[in-house]
There are 2 protein chains.
Amino acid sequence: MVTIKDIAKMANVSVATVSNALNGKESVKPKTKEQILKLAKELNYVPNSIAQGLVKNSTKTINIVISGPSSFNLFSNPNFFQLVRSITIYLDKIGYYVLLSIIDMDEELQKIPRIAQSRSSDALILLGSRRSNDELIAMINRINIPTLVIDRGTFKEDIVTVSVDNQKCTYLATRHLLEMGHRRIGFLGEIPGYRLAEERLEGYRQALDEEGIPYDESIVIKGDYYQESGLVGIRQLLAHAVPRPTAVTIANDLMALGAIEGIEQEGLRIPEDISIIGCDNIPNLHLLKVPLSTVSIPFSEIGRLAAKKAVGILEGNDQLPRQIMLTPELRIRSSVNGI
Amino acid sequence: MVTIKDIAKMANVSVATVSNALNGKESVKPKTKEQILKLAKELNYVPNSIAQGLVKNSTKTINIVISGPSSFNLFSNPNFFQLVRSITIYLDKIGYYVLLSIIDMDEELQKIPRIAQSRSSDALILLGSRRSNDELIAMINRINIPTLVIDRGTFKEDIVTVSVDNQKCTYLATRHLLEMGHRRIGFLGEIPGYRLAEERLEGYRQALDEEGIPYDESIVIKGDYYQESGLVGIRQLLAHAVPRPTAVTIANDLMALGAIEGIEQEGLRIPEDISIIGCDNIPNLHLLKVPLSTVSIPFSEIGRLAAKKAVGILEGNDQLPRQIMLTPELRIRSSVNGI
DNA sequence: CTGAAAGCGCTTACAG
DNA sequence: CTGAAAGCGCTTACAG
């Protein structure tokens, strides 16, 4: 491992001068600088980022923290990858490192502040937590480095966040169902206390409201946003709801995938017997046996903006609003029939 | 930020003693130790991992380096996520950090050694590179920390690697086609110089050989393993091959997805007019309009073993073989017809 | 323009 | 059992 000391010795100067030269300080005599740079190149010198980090109290790394449910086989949300990918690409380009932590939901409240305190990163981007806003805020307040929450709901509090307008997602989806003539519309994906889910439920409600259709909780079904719960949930809905809905707004595509199976198992056809619409626009929906209509969420943009915002805060030139909310778009395919 | 110094002051001992106590050294008097531990807890002390890293010359972090093509929108391989996820989960559990780097293929040969030299991680896990074995080995030899290559082909050289038996993948796939009565079988996904792709082509060849069917390069089509090239490739095959194949072995599922579209665009049906089989077993293939038969690759296991192996090497208790090769399994769905 | 010195927060022999 | 000292590889005032 070649260090600044080696170069100093060979160039017959002090380590301070080497450091200054390497960092492009004006004070170094051009001749000296040139010599040092040449040596560094020859010796293939790369600064030890750990040592730099210690003295600068900055690691140029941002930690993406994904909280998942304890049974990790369930943890297969393709959106996370898009998010992680766009964050990483942005950060890599500007010379930042990205740390990735996947932590068990049960431990997140203790673990995330520890991660921050270990100083292994300069900022945190939180992803996937199902905690209530209050719990999340209490935790973030204990964290001593900039922390963003992404792909979640809105916060009244002064949290830095970038996400989609969740309410609008399901509003758009339900509106589409309404426009296709449906009146009896179910909802799949309720999670009380989890803000994102509450907002998606709210969008559904809002669309019904506008049409004067009363909210019927007997056709609002819980679902944990994973595929299996879509299967279970839709079967439950189909088995018990009287009269049976002609359409259902499903809070995300993963559950819609499960629902496609569940509906098939019940011997029903989509969209002839029942229409469904999802949310997220995960890849390759057009190739499904039932090309799924859905609402598209700009995950790559969320990731990119989150990364940009984090760096902006760290470098003191942040121009972006504290809370960024992106707009979803309806994507009509063929899982919704007119009636 | 509370440091070891703060605790030392409050406990009226030296920092050395605090350090020893915190690290569970036997030498510290139980009474002293207890007091220090109590203080640390109260003050919510978390060691500065950067400082520890500097003195120990170890960061307890492993860097997953994904090389992708320069146009990153193409870079959407769901397998990478499975791999990253399983590595991260394993590593998180045992207190390791994981750094994630996504780098442009054009720069990988320069950038990866620099990453290693920056000492931001203790080991590298390389993923997604399309370089020739020779180039890769030359690069790895310049790297001064343990480096594994995963999800790739075999190496004759003494490289640490974990992957699937690629040749067997396509051998199994093609064998299945053969058993279903096909004789005129195309191949989609040739990339000369890229070992993984060569091995998959070889598996196809082997299966044909065993049946005495001559290799016909006019029905072996290039494909870059991304979806779009599956679409383009299959159309090319369909347009030019005489006689037209009754089946085609496609080197991965992503291209098979593209091929499904391409075949549709050509006005043909799967499997009535043409049978296809993929490789990888990406999620939710059973929900496609054409439930895709494929060969399953144990990505999670590859990731887990890679992580385990890396840590084993780092901690000097590695029991695993230098080169680990996992076995694929045929997954029959309904994209292959008998004839 | 250059270098000696201090310091970032820790760990590790080693002397007592 | 405890503490003084050195050191990990760097950067940053500051004196000259």
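Order of the sequence lines sets the chain letters (A, B, ...), proteins ahead of strands, with each chain counted from 1. Because the structure is predicted, anything quoted here is derived from the model rather than measured.
Counting any heavy atom pair closer than 4.0 Å across all strands shown, A:Asn23 reaches sugar-phosphate atoms only and no base atom. The residue B:Lys31 sits apart from the nucleic acid: no heavy atom pair falls under 4.0 Å. Residue-level contact check: A:Lys33 touches neither bases nor backbone, having no heavy atom under 4.0 Å from any strand. Backbone-only engagement by A:Thr3 is indicated by non-hydrogen atom pairs under 4.0 Å involving sugar-phosphate atoms exclusively. B:Asn57 comes within 4.0 angstrom of nothing in the nucleic acid, heavy atoms only.
Looking only at atom types and distance, the side chain of B:Asp122 has a donor-acceptor partner in the side chain of B:Thr59 under 3.5 Å away. Using a 3.5 Å distance cut-off with no hydrogens or angles, the side chains of A:Asn20 and A:Ser27 do not pair a donor with an acceptor. A:Tyr194 and A:Ser129 form no side-chain donor-acceptor contact under 3.5 Å, judged by distance and modelled atom types alone.
The base-pairing partner of C:dA13, taking Watson-Crick or G-U wobble contacts with both distances under 3.5 Å, does not exist among the strands shown. The partner of C:dA4 is absent, by the rule that a Watson-Crick or G-U pair needs both atom distances under 3.5 Å.
The residue among B:Thr32 and A:Ile4 whose nearest nucleotide of DNA chain D is located toward the 5' end is B:Thr32.
Heavy-atom contacts from other residues, nucleotides or ligands closer than 6.0 Å to CZ of B:Arg322 number more than 12. Summarising the local packing, CD of B:Glu34 is surrounded by 12 or fewer heavy atoms from other residues, nucleotides or ligands at distances under 6.0 Å. Counting heavy-atom neighbours within 6.0 Å of B:Met325 CE, excluding the residue itself, gives a total above 12.
With a cutoff of under 4.0 Å to any heavy atom of chain B, the contacted region of DNA chain D is bounded 5' to 3' by D:dC1 to D:dG9.
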